[in-house]
Amino acid sequence: MTEKFIPLTDLRQVASTLPIPAILQPPNGLLKDTLARPLHDLRISVTDRCNFRCVYCMPKEVFDKNYLYLPQHALLNFEEITRIARIFVTHGVKKIRLTGGEPLLRKHLERLIEMLANLRTVDGKPLDLTLTTNGSLLARKAQSLKDAGLTRVTVSLDSLDDAIFKRMNDVDFSVSEVLEGITTAEAVGLGPVKVNMVVKAGMNDQEIIPMVRYFKDSPHILRFIEYMDVGASNGWKLDEVIPSAEVIRRIQDAGMPLTAIDANYTGETAERWRHADGSGEIGVISSVTQAFCHDCSRARLSTEGQLYTCLFASKGHDLRSLLRNAKQHSDLAITNVIAQIWQQRGDRYSELRSQHTDNFNPGRKKIEMSYIGG
Ligand code: SAM
Ligand code: SF4
Ligand code: SF4
């Protein structure tokens with residue numbers, strides 16, 4: 001057997017040092033970047049580890065027994081995460097999503113959820129506090145997550161066919177356990193559960209119609225995600241992407257007419273569709289064919305406290321060194337550093353990619369999805 005060689009650069013330590021501005025301003029909750037985009041959404045990765053080896057995210061050839069995960073002391077602890085989250089909220093963040101790696105692998109995650117659930121937005125409301133999971137531990141944990149204050153969950157599921165699903169997660173995990181997780185989450189009040197399916201041509205695109213039929217009369221919202229060129233380990237090729245327009249066409253051709261519906265809010269990643277017969281909703285996330293950078297209001301915090309302003313960034317900003325600095329920086333000082341980073345943000349990777357699809361940025365180094373989360 002020939003071994004697959006995947007060149008990978010470890011970008012986890014590539015972060016710039018952050019000077020504290022000389023004049024400190026109080027936050028006003030109205031921060032804008034260079035393209036006038038606000039900061040509404042914070043995604044926090046709580047672990048870089050996972051019990052799956054999805055072929056498009058953590059291929060076994062790279063994430064094998066020799067792969068060096070972050071050591072425990074490098075990870076932000078719950079007090080540090082909550083402090084950063086509180087600062088982000090003063091800048092206008094309304095929604096926090098916990099991700100990973102597999103977030104349910106982080107020990108005592110419920111304690112972090114309790115701490116985050118106590119935060120209030122600038123207008124005094126509870127946060128929208130969600131989590132994305134592969135569902136493997138969800139049936140067991142759904143009730144304690146709900147009790148801790150989690151609002152909703154999103155579950156990733158790429159197929160209903162055990163053979164295909166196992167080929168994709170590459171750890172022999174069965175569909176039934178994920179389905180049980182989805183049902184339990186809905187039953188304990190973590191719904192409507194969104195079910196995310198990454199569609200990879202030739203691998204699971206034949207599962208589009210069975211997935212739509214299965215979830216059609218349920219309270220869950222199925223969403224199709226275009227396979228993305230995140231990181232460097234998945235060997236992404238454009239011809240493995242099934243455009244969302246094609247997904248919608250296939251569903252309609254299978255005798256299930258759909259009607260487009262409005263977004264819930266500006267900056268929502270999914271385009272929403274409703275079954276014309278009233279039997280539920282589906283979504284498509286067209287990160288490749290219809291970039292939504294123009295209203296991307298998401299910041300991402302890595303497991304060890306680096307701030308990324310784009311999923312396709314090569315470089316983060318090291319917030320952990322500010323938190324752990326001997327000078328004991330005040331919240332206001334860190335607030336101002338974050339403001340400066342956001343005010344300088346001009347990221348729009350996907351828009352640029354869609355303007356230059358042929359051989360776009362071939363040498364660009366990007367962080368891995370399992371490190372920063374989706
Ligand atoms: N482990 C959790 C899970 O799988 O839901 C959370 C982290 S995972 C990185 C977050 C989301 O990113 C999942 O829905 C996953 O399917 C998606 N994802 C990972 N790699 C992707 C890729 N190359 N293109 C599109 N989506 C991807
Ligand atoms: Fe793990 Fe999620 Fe990546 Fe799959 S997509 S390998 S479950 S982090
Ligand atoms: Fe946001 Fe970057 Fe994705 Fe554009 S490419 S939508 S800026 S994360």
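First listed ligand is number 1; within each ligand, the first listed atom is number 1. By convention here, the first residue in the shown sequence is residue 1.
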Which atom of Val175 lies closest to which atom of Ser159, heavy atoms considered
CG2-O, 3.6 Å
For [X], take its heavy atoms, then give the atoms of ligand 3 lying under 4.0 Å from any of them.
X: Ser350; result: 5 (S)
X: Phe292; result: 6 (S)
X: Asp347; result: 7 (S)
X: Phe312; result: 5 (S)
X: Arg298; result: 6 (S)
X: Tyr349; result: 5 (S)

Atoms in ligand 1 flagged as close to [X], the criterion being non-hydrogen separation under 4.0 Å:
X: Tyr227; value: 23 (N), 24 (N)
X: Glu226; value: 25 (C)
X: Thr99; value: 6 (C), 7 (C)
X: Glu102; value: 1 (N), 2 (C)

Sorted by chain and residue number, the salt bridge (Lys or Arg N to Asp or Glu O under 4.0 Å) partners of Glu177 (sequence neighbours excluded) come out as none
Location of contacts on Cys54 toward ligand 2, heavy atoms closer than 4.0 Å
both
Please indicate whether any nitrogen or oxygen in Tyr56 is less than 3.5 Å from any nitrogen or oxygen in ligand 1.
yes
Is there a nitrogen or oxygen of Cys50 sitting under 3.5 Å from a nitrogen or oxygen of ligand 1?
no
Quick one: does ligand 3 sit under 4.0 Å from the side chain of Arg300, the backbone, both or neither, non-hydrogen atoms only?
side chain
Using a 4.0 Å heavy-atom cut-off, say whether Glu351 meets ligand 3 through its side chain, its backbone, both or neither.
neither
Taking the non-hydrogen atoms of Gly101, is any one of them nearer than 4.0 angstrom to ligand 1?
yes
Looking at Asp262, I'd like to know if its CG atom is crowded, meaning that more than 12 non-hydrogen atoms belonging to other residues, nucleotides or ligands lie closer than 6.0 Å.
no
Under a 3.5 Å distance rule, please check whether [X] uses its side chain to pair with a backbone N or O of [Y] as donor and acceptor.
X: Lys60; Y: Arg53; answer: no
X: Glu271; Y: Ser286; answer: no
X: Asp64; Y: Tyr67; answer: yes
X: Glu80; Y: Arg320; answer: no

Nearest protein heavy atom to [atom], by residue and atom, and its distance?
atom: atom 1 (Fe) of ligand 2; result: Cys50 SG, 2.3 Å
atom: atom 2 (Fe) of ligand 3; result: Cys310 SG, 2.3 Å
atom: atom 8 (S) of ligand 3; result: Leu311 N, 3.3 Å

Got an N, O or S from Cys293 under 2.8 Å of atom 4 (Fe) of ligand 3?
yes
Tell me whether [X] is salt-bridged to [Y], with the criterion being a basic N under 4.0 Å from an acidic carboxylate O.
X: Lys237; Y: Glu240; value: yes
X: Glu114; Y: Arg111; value: no
X: Arg152; Y: Asp128; value: yes
X: Arg345; Y: Asp33; value: yes
X: Glu246; Y: Arg250; value: yes
X: Arg272; Y: Glu281; value: yes

Paired with Met197, the side chain to side chain contact (heavy atoms under 4.5 Å, CB included) test is passed by just one of Ile225, Ile208, Val247, namely Ile208
Ligand 1 versus Thr133: contacting region, heavy-atom distance under 4.0 Å:
backbone
Examine the proximity of ligand 1 to Val230 and report which part, side chain or backbone, both or neither, has a heavy atom under 4.0 Å away.
side chain
Atoms in ligand 2 with a heavy atom of Gly101 nearer than 4.0 Å:
8 (S)
If we number the atoms of ligand 2 from 1 as shown, the ones under 4.0 Å from a heavy atom of Met58 are 6 (S)
Step by step, work out the side-chain hydrogen bond (donor to acceptor under 3.5 Å, both in side chains) result for Asp147 and Ser144.
CA-CA 5 Å; Asp147 294 345; Ser144 61; over 6 Å; no
Do any of the N, O or S atoms of Cys57 sit under 2.8 Å from atom 1 (Fe) of ligand 2?
no
